[in-house]
Amino acid sequence: MSKLESAKGFKHSKPGLMLGIGGSAFGAFGIVKDIRKARTEADTLKLINAAVGALALVTSTLLLVRELRRLAQDDVLAD
């Protein structure tokens, strides 16, 4: 297996999914900062943009969690 093939497989492995969830959690700090800034500036458009970003972050995190659960169900050694 080449390095490129193993790197592509990492995204769908348990450590890769956990890293993705961690990245999403780290991204939440930026979104909270954007929401606070938009509220202090009373900028509705920036607030809407931050809210849409938050929804995208939640959706991507839920997709990663679902993939992690499927991976655990497919693991024959897990029980």
Side-chain angles (χ1 to χ4, degrees):
M1 181 181 290
S2 71
K3 288 184 180 183
L4 182 61
E5 289 173 352
S6 64
K8 286 181 181 179
F10 179 74
K11 183 179 178 183
H12 297 287
S13 68
K14 189 173 182 177
L17 292 170
M18 296 296 275
L19 187 62
I21 292 170
S24 294
F26 187 71
F29 291 112
I31 289 175
V32 168
K33 182 180 131 188
D34 290 345
I35 289 173
R36 286 183 181 162
K37 185 177 179 185
R39 291 178 82 190
T40 58
E41 295 175 358
D43 191 337
T44 306
L45 191 57
K46 285 184 180 180
L47 187 59
I48 291 170
N49 185 47
V52 169
L55 287 173
L57 185 68
V58 168
T59 304
S60 65
T61 302
L62 290 174
L63 287 169
L64 288 169
V65 169
R66 182 178 70 181
E67 188 69 26
L68 191 61
R69 286 182 181 165
R70 284 185 181 168
L71 190 65
Q73 287 175 353
D74 291 342
D75 189 5
V76 294
L77 297 177
D79 281 332

### Task
Over all heavy atoms of both residues, which pair between Lys37 and Thr40 is shortest? Give the atoms and the distance, please.
O-OG1, 2.9 Å
### Query
What pair of heavy atoms forms the shortest contact from Asp34 to Ala50, and how long is it?
CB-CB, 4.0 Å
### Message
Taking Leu68 as the starting point, is it possible to reach Leu57 by hopping between hydrophobic residues whose side chains are less than 4.5 Å apart?
### Response
no
### Query
Out of curiosity, does Leu64 fall in the hydrophobic cluster containing Leu71 (side-chain heavy atoms, cut-off under 4.5 Å, transitive links)?
yes
### Connected-component partners of Phe26 among ILVMFWY, side-chain separation under 4.5 Å
Phe29
### Query
If you measure from CD1 on Ile21 to CD on Glu67, what distance do you get to the nearest 0.5 Å?
10.5 Å
